[in-house]
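Worksheet: the structure to be examined is printed underneath.
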Amino acid sequence: MSKPSIPQGTRDFSPAEVRKRQYIFNMLKNIFELYGFQPLETPAMENLVTLTGKYGEEGDRLIFKILNNGLHEKKDADKAKLNEEWAKLLGKPYSTPVITERALRYDLTIPFARFVVMRQNDIAFPFRRYQMQPVWRADRPQKGRYREFWQCDCDVVGSTSLINEAELLSIYREAFHQLKLPQVTVKINSRKILAGLSELCGAPEKMMDITIALDKLDKIGWDGVTKELLERGIDEAGIEAIETIINVKGDNAEKLAQLKTIMSGSETALAGIAELEQTLAYHEAISNKAWASDLRIDVSLARGLNYYTGVIVEVTTDAVKMGSIGGGGRYDDLTGLFGLKNMSGVGVSFGIDRIYDVLEELNLFPTALETGSKVLLLNFGGQNEAYALSILGQLRNAGIAAEVYPDAAKFDKQMKYANKRNFRYVIIPGDDERAAGKLSLKNFETGEQQLTGIAEAIDILSS
RNA sequence: GAGACAGUAGCUCAGUUGGUUAGAGCAUCGGAUUGUGGUUCCGAAGGUCGUGGGUUCGAGACCCAUUUGUCUCCCCA
């Protein structure tokens, strides 16, 4: 007999783990609702064509494809076709509707864009929605990386106002503040500054190369970035220009002022700088001084996804060695991929599995999360069992979460069960109690026990 | 796609340059104790040592292959 297992990179969530995850989900949901976002859910699977080509070459390889079923029902002609396609498939990274035409959701943004295009006539724009669902990636799992993980996304589509950016920054900072996550940095940058950067170093067509190299600054340092820039065909003068810009120091206002001077030769960069300035001003107006996170302009922030066009954001914590715990940005033409032009959107995503791992590692979950039933009724069988059931019904009618031990097992066994399940009270409805029309109520934290009437017990349990 | 490490009871792990019948803790079940748990004591059950081959008088240990998992690079949340 082989031991059961689950697929690599997936996890079961025990009752205690689910409660902790729900603690995060509920907190985020409340914030999203407070900011006027509406819930949305989309299918676990999408048509493959909806997803392919949206996440870059690397992303396409990481999409989980679903094998068509019902193959046994195919006619002979289809079977021949099938064999032919299989032969092609085995050779190279190739896919065909004969073999697969559906795939598991890779993120929440593309399905959202698809939804917006499909329902464009019903939606009141600007449309603000949040979505908390699992996504799947055929990546190699490692610390903080899973093949099935949840994203909590929050996007506004149909408005170019930077108020949206400012509000999303607030949502991030409010959420991490409420979760009490320490040493959080919300990094902000603009794709337009990166585009301007590539103009200034004389290689506007190399923007992707520059951003990819620059994104690794934290990991490989400036020397490593220099090396990578050279490999990607940036000349010495260009690298020097990049270095000047990267080395801009000071608070956000000081950085912006310096960038304005250094990058005055690029209209694009100046537009990006103005965007950040306005975003920060809006954010200042709606933010709360109590939020502990650091909101910092970081010119080296790049972000992988290629559809971002304006402001980009990424959230990290220095408290634990972990990749980013959230990210997002502005995409001017997301729905254009599905034929709807001039529909700008901006959104952020919370990586709640990583947030969970960080809170767990730092022991930051509230201790009172493990609730569940408050009281267990012991079972003495026969008429006592019937008596216990009548009490059980009365407790539940009074809104008290209660359970009865389903078998007339040994007293000791039932008590041990109550202890292990962390019940706060145990009710002992035995012969004596039943004869008196009362019950024994034992407080499992203090060990105290008292004989009371049912109404009085309900009073105690309700408080 | 590339690399490092690991796989022994349900779980976490010991296991001496290769030497009788492979151990512990926790969990489970039974008993001391058929109305009093969390902190008692006694006992029982539980193993093709991931799989296949090889070296050897002898392999849980050494070698090769394979598989699964963890981690790192790449990329990402």
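Remember, predicted model here, so these are calculated numbers, not experimental data. Letters A, B, ... mirror the listed sequences (proteins, then strands); counts begin at 1.
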Taking [M] as the reference, what is the distance to [N] when you measure between their [atom1] atoms (whole Å, please)?
N: G7(B); M: C13(B); atom1: P; result: 10 Å
N: C49(B); M: G18(B); atom1: C1'; result: 15 Å
N: C62(B); M: G30(B); atom1: P; result: 41 Å
N: A14(B); M: U8(B); atom1: C1'; result: 10 Å
N: U56(B); M: C64(B); atom1: C1'; result: 16 Å
N: G52(B); M: U33(B); atom1: P; result: 49 Å
N: U68(B); M: A27(B); atom1: P; result: 34 Å
N: U72(B); M: U20(B); atom1: P; result: 40 Å

Is it true that [X] and [Y] have a side-chain N and a carboxylate O under 4.0 angstrom from each other?
X: K442(A); Y: E448(A); result: no
X: D223(A); Y: K227(A); result: no
X: D139(A); Y: R147(A); result: no
X: E33(A); Y: K29(A); result: no
X: R102(A); Y: E46(A); result: no

Would you name the heavy atoms of [X] and [Y] that are closest together and state the gap between them?
X: K54(A); Y: T50(A); value: NZ-O, 2.9 Å
X: T100(A); Y: I66(A); value: OG1-O, 2.9 Å
X: R330(A); Y: S159(A); value: NH1-O, 2.7 Å
X: L214(A); Y: L197(A); value: CD2-CD2, 3.7 Å

Check nucleotides 7-11 of chain B against the protein and report each pair of N or O atoms closer than 3.5 Å, with its distance, or say if there are none.
none

Checklist entry - Would a distance-only check, ignoring hydrogens and angles, find a side-chain to backbone donor-acceptor pair under 3.5 Å from E433(A) to G430(A)? => result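 Yes; judged by distance alone, with no hydrogens or angles, the pair exists.
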Next on the checklist: For the backbone of Y35(A) and the side chain of R128(A), can you confirm whether one donor and one acceptor N or O come within less than 3.5 Å of each other?
Outcome noted: yes
Next on the checklist: Using a 4.0 Å heavy-atom cut-off to protein, can you give one letter per nucleotide of nucleotides 30-45 of chain B, 5' to 3': B if the base is in contact, S if only the sugar-phosphate is, - if neither?
Outcome noted: -S---BBBB-------
Checklist entry - Can you give one letter per nucleotide of nucleotides 68-74 of chain B, 5' to 3': B if a protein heavy atom sits under 4.0 Å from the base, S if only from the sugar-phosphate, - if neither? => result -SSSSBB
Output a table of donor-acceptor pairs, distance under 3.5 Å, between side-chain atoms of residues 312-319 of chain A and any protein atom two or more places apart or on a different chain; print 'none' if there are none.
{"from": "E314(A)", "atom 1": "OE1", "to": "R303(A)", "atom 2": "NH1", "distance (Å)": "2.9"}
{"from": "T317(A)", "atom 1": "OG1", "to": "P182(A)", "atom 2": "O", "distance (Å)": "2.9"}
{"from": "T317(A)", "atom 1": "OG1", "to": "A319(A)", "atom 2": "N", "distance (Å)": "3.1"}

Checklist entry - Is F350(A) touching bases, backbone alone, or none of the nucleic acid, heavy atoms closer than 4.0 Å? => result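 Touches nothing.
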Checklist entry - So what does S324(A) hit on the nucleic acid, given a heavy-atom distance under 4.0 Å: a base, only sugar-phosphate, or nothing? => result sugar-phosphate
Item to check | Identified ring pair (Phe, Tyr, Trp, His ring centres under 6.0 Å) counterpart of F350(A) within the set F176(A), W150(A), F149(A) | outcome: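 It is F176(A), the one option of F176(A), W150(A), F149(A) that forms the ring pair (Phe, Tyr, Trp, His ring centres under 6.0 Å) with F350(A).
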Checklist entry - With sequence neighbours left out, which residue pairs that include part of residues 346-368 of chain A fulfil the salt bridge (charged side-chain N to carboxylate O under 4.0 Å, His left out) condition? => result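 For residues 346-368 of chain A: R11(A)-D353(A), K20(A)-E360(A), R21(A)-D353(A), K143(A)-E361(A).
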Using whole Å, what does the distance between atom [atom2] of nucleotide [N] and atom [atom1] of [X] come to?
X: L108(A); N: C76(B); atom1: CG; atom2: P; answer: 17 Å
X: L359(A); N: A77(B); atom1: CG; atom2: P; answer: 19 Å
X: D60(A); N: C75(B); atom1: CG; atom2: P; answer: 17 Å
X: F64(A); N: C76(B); atom1: CZ; atom2: P; answer: 18 Å
X: D107(A); N: C75(B); atom1: CG; atom2: P; answer: 19 Å

Checklist entry - Does atom CE of M118(A) have more than 12 heavy-atom neighbours, drawn from other residues, nucleotides or ligands, at distances under 6.0 Å? => result no
Next on the checklist: What stems show up for RNA chain B when you take Watson-Crick pairs (N1-N3 plus N6-O4 or O6-N4) and G-U wobbles (N1-O2, O6-N3), both under 3.5 Å, and require three or more consecutive pairs?
Outcome noted: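 When the pairs of RNA chain B are grouped into runs of at least three, the stems are B:1-7 with B:67-73, B:10-13 with B:23-26, B:28-32 with B:40-44, B:50-54 with B:62-66.
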